[in-house]
Amino acid sequence: MAKSPQDRAAWLREELQRHERLYYQEAKPEIADREFDRLMAELAAIEEEHPELRTADSPTQRVGGEPTEGFEQVEHEPPMLSLDNTYDHDELREWAERLERLLPDTEIDFVCELKVDGVSLSLLYEDGVLAEAATRGNGRVGDLVTANARTIRTLPLRLPAGAPARLLVRAETYMRRSVFAALNEEREASGQELYANPRNTTAGTVRLLDSRDVARRRLDLACYEWVQPAGGDGNEERRSHGDCLAALADLGLPVDGSWRRCASLEEVVAFCDEWQAKRGELDFETDGVVVKVDDPELRERLGTTAKAPRWAVAFKFEAEQAETVVRAINAQVGRTGAVTPVAELEPVRVAGTTVKRATLHNYEDLARKDVREGDAVVIEKGGDIIPKVVSVFEERRGPGSKPFEPPTTCPVCGEKLYQPEEEALLRCVNAACPAVVREAIRHFASRNAMDIEGMGDWLVGELVGGGLVGDPANLYGLTVEQLADLRKTNDARLGEKAAARTVASLAESKGRSLSRLIYALGIRFVGDATAALLARRFGRIEALAAASAEELEEVEDIGSRIAESVRAFFDSERNQDLLRRLEDAGLQFEEEQTETGAADGPLEGKTFVLTGTLSGMTRNEAAARITALGGKVTGSVSGRTDFLVAGEKAGSKLRKAEQLEVEVLDEAGFEELLAG
Ligand code: AMP
Ligand code: ZN
């Protein structure tokens, strides 16, 4: 009997989900890949013909939709924190003793898990359906990458019946070593540059704009935290962390099975040692063990610092080492003009990646270790640090071996190098040195800074080398014609299309937040976290530029070293001129989206959630208007939401709001509210 397309689609969806589970979670496939692909194609065809039958959780949605324009932002509640690190048994013991002091006369159970080395994601299921997936971002606000996360095959799009109405899970997405190796083999075969390691590749993949590309990268997932409601608001009973992990696995979420409950620190130490020895056997990279307090009540009593929970700690594995040969020692000129030696190595595998270069820190260090070209050396790779040369086999040197002579002139501009007092490094102090300018521009355009699409190494090199750009402000004067004419090779120009895209992304970057701009300026010691602190505290470039060193030091987490560096930056006339020209170009010199909105605005204390498409403005504009009036915008509807602004095609958030009796505004109602 012929089934209706609706029934057939429902059957296919269920069947495909079952096979995915068998394949990815249970590793017991019942059908061949080709058969699976055929079922998938059939479902896709039905959905193509009857778009109304396509559901958000359909397996076809994993292969990715159309490219999106950038990412929406979503606020993390609670924030996604970092972890404190320990590097040996003693430090681990000190951590446990601190807990004992904070919780006297209490038995503390721990849970140990592998620290998978990937990229963290926050996953939100609403009514059993994956509603949102977001990156950690700065911990408070991340990028909404739901479409990309849907391509992770081990991640269920729908949970079985009986799943909580709202489930917030923190997880690590990562690339298996085997998948990474295959990817690099493919790249090598097609003459593309190799990726450095699985973690960075994962980070890049998660933020790809076209989820079809993400699907091809075959990312995996390990869930490590069920964020339970803080209690007291009538929610389900709270479980211990170990029970949470088991419950997540029961719901079909991927949880790495190596975790273990430990009743004493001795057991924790044993777990750490065991995996330090065994981790090479895993098909994914781990950089340590995460030790967590099991009991939710104790966790609550311990609380968190601004950076990390007190109830968890990372035990970092010792770095992995390998032997190789130094082919050459080159000089690298950094953004601040610092010239540092880099060892070019005979490629060697360490900790699952191929290493070709290692840092030698500075010339003093190099001289002390007496590293020479041609030397056999031991290199080490730990966590996210660039590999470094740790020791030399002096006895293996040939008769021609000579000590390495540090350069006296800049390898890029030829200027005489300068050795600042009390600094172990050499500097090129030529502010117009192309290497310094190039690094400054690269930093300015980078992902966490102004995120200028298309401004890659090649283009920056051309622009600086060709004299078109001498500082970041010059970027904003570039025209499509200028860019289109650049020669990629002798007979290929960059072309109109690519040039237009780059100019458009430059224009778009003008709207980036103040904290990104501060970071992009490349002030020494001001990383993205510090930039965010400064933006929040001062709100405007002028106010930051006018702040004295003392005022700067009053900001939490800012010490004298940073304060002096910030002062020195703004005192430089050259930088003042740069800032004037950036302002003229139309960059954001004020913080628009403060965390809690402008103080004293008419919407102060009100929390908004946006959903669906508005006709008169984008969601970002809507969010900007809310925060300008003192309101706050969050990503998901909860009991604390005051208003849901629902545009066209509002989805699960609208249902949720209705359930929770949150006031829903349509676009007209929203406009009215904004108008006061
Ligand atoms: P860090 O990157 O040093 O701040 O360490 C915190 C990060 O470790 C988290 O954001 C996660 O991405 C990652 N991580 C990996 N495995 C785990 C785990 N089992 N529990 C908690 N965090 C983990
Ligand atoms: Zn130079």
Looking at CD of Glu266 and CZ of Arg93, how far apart are the two atoms once the value is rounded to the nearest 0.5 Å? 5.0 Å

What's the shortest heavy-atom distance between Leu81 and Thr305, and which atoms? CD1-O, 4.2 Å

If only atom types and distance count, is the side chain of Ser120 paired as donor or acceptor with the main-chain N or O of Ala171 below 3.5 Å? no

Validation row: Asp256, Glu172 side chains within 4.5 angstrom (heavy atoms): no

Student check: side-chain heavy atoms of His19 and Leu39 closer than 4.5 Å: yes

Is it the case that over 12 heavy atoms from other parts of the model lie below 6.0 angstrom from the NZ atom of Lys307? no

On the 0 to 90° scale, with breaks at 30° and 60°, tag the Trp275-Phe271 ring pair as parallel, tilted or perpendicular. tilted

Side-chain heavy atoms of Thr55 within contact of Ser58, under 4.5 Å: yes

Heavy-atom donor-acceptor pair, Gln228 side chain to Arg239 backbone, under 3.5 Å: yes

Could you state the interatomic distance from CG (Leu114) to OH (Tyr224), rounded to the nearest 0.5 Å? 13.5 Å

Exceeds 12 heavy-atom contacts within 6.0 angstrom, atom CD of Glu42: yes

Please tell me if the side chains of Trp226 and His241 come closer than 4.5 Å, counting only heavy atoms from C-beta onward. no

Check whether Arg512 reaches the backbone of Met450 with its side chain - one donor and one acceptor, N or O, closer than 3.5 Å. yes

Verify side-chain contact (heavy atoms from CB on, under 4.5 Å) between Lys292 and Arg299, making sure each step is shown before the conclusion. CA-CA 9 Å; Lys292 301 175 179 174; Arg299 284 185 176 199; 3.7 Å; yes

Taking NZ, NE, NH1 and NH2 as the nitrogens, is one of them in Arg238 or Asp243 under 4.0 Å from a carboxylate oxygen of the other? no

So Thr530 and Ile518, side-chain contact (heavy atoms from CB on, under 4.5 Å) or not? Walk me through it. CA-CA 9 Å; Thr530 305; Ile518 294 173; over 6 Å; no

Are Phe110 and Trp95 near enough that their ring centres are under 6.0 Å apart? yes

Closest approach of His443 to Ser446 (non-hydrogen atoms, all atoms of both residues): O-OG, 2.7 Å

Closest approach of Thr86 and Glu91, non-hydrogen atoms and distance? CA-OE1, 3.3 Å

Indicate yes or no: does Glu75 engage Arg140 in a salt bridge with an N to O separation below 4.0 Å. no

Pairwise side-chain contact, Ser82 with Arg136, heavy-atom cut-off 4.5 Å (strictly under): yes

Hey, are Arg217 and Thr205 close enough side-chain-wise for a donor-acceptor pair under 3.5 Å? yes

If you take all heavy atoms of Cys223 and Leu245, which pair is closest and at what distance? O-CD2, 4.2 Å

Atom pair CG (Leu298) and CD1 (Ile108), whose distance is rounded to the nearest 0.5 Å: 6.5 Å

Minimal heavy-atom distance between Phe71 and Val206, with the atoms involved, is CZ-O, 4.3 Å

CA sep, side-chain torsions, deciding dist, call: Lys356, Glu344, salt bridge (charged side-chain N to carboxylate O under 4.0 Å, His left out): CA-CA 6 Å; Lys356 292 183 202 153; Glu344 310 288 343; over 6 Å; no

Please name all residues satisfying salt bridge (charged side-chain N to carboxylate O under 4.0 Å, His left out) with Glu126, sequence neighbours left out, ordered by chain then number. none

Donor-acceptor pair, Thr354 side chain versus Arg349 backbone, under 3.5 Å? no

Got a second to check how far Arg98's CZ is from Leu302's CG, nearest 0.5 Å? 10.5 Å

Is it true that Arg261 and Ser240 share a donor-acceptor pair across their side chains at a distance under 3.5 Å? yes

Nearest heavy-atom approach of Leu83 to Pro309 is CD2-CG, 4.3 Å

Tell me if the CD atom of Gln276 is crowded by more than 12 foreign heavy atoms within 6.0 Å. yes

Given 3.5 Å as the limit, does a donor-acceptor pair link the side chain of Thr135 with the main chain of Asp143, or not? yes

Carboxylate-amine/guanidinium contact Lys653 Glu132, below 4.0 Å: yes

Check Arg170 with Glu113, please: is the shortest side-chain N to carboxylate O separation under 4.0 Å? no

Asp294 side chain to Gly242 main-chain N or O, any donor-acceptor pair under 3.5 Å? yes

For Arg153 and Arg218, indicate whether the former's side chain and the latter's backbone hold a donor-acceptor pair under 3.5 Å. no

List the steps and the verdict of side-chain contact (heavy atoms from CB on, under 4.5 Å) for Glu453 and Glu508. CA-CA 10 Å; Glu453 203 94 18; Glu508 193 199 316; over 6 Å; no

Distance, nearest 0.5 Å, that separates CG of Leu345 from CD of Glu323: 12.5 Å

List the steps and the verdict of side-chain contact (heavy atoms from CB on, under 4.5 Å) for Met175 and Leu183. CA-CA 10 Å; Met175 185 175 280; Leu183 177 67; 4.2 Å; yes

Do the side chains of Glu285 and Phe180 get nearer than 4.5 Å, heavy atoms only? no

With sequence neighbours left out, which residue pairs that include part of residues 127-176 fulfil the ring pair (Phe, Tyr, Trp, His ring centres under 6.0 Å) condition? Tyr174-Phe284

Separation between CG of Asn148 and CZ of Arg207, rounded to the nearest 0.5 Å: 10.0 Å

When you compare the side chain of Thr286 with that of Asp117, does any pair of heavy atoms fall below 4.5 Å? no

Those residues that, when tested against Arg501, pass salt bridge (charged side-chain N to carboxylate O under 4.0 Å, His left out) (two or more places apart): none

Contact between Val350 and Thr324 at the side-chain level, heavy atoms closer than 4.5 Å - yes or no? no

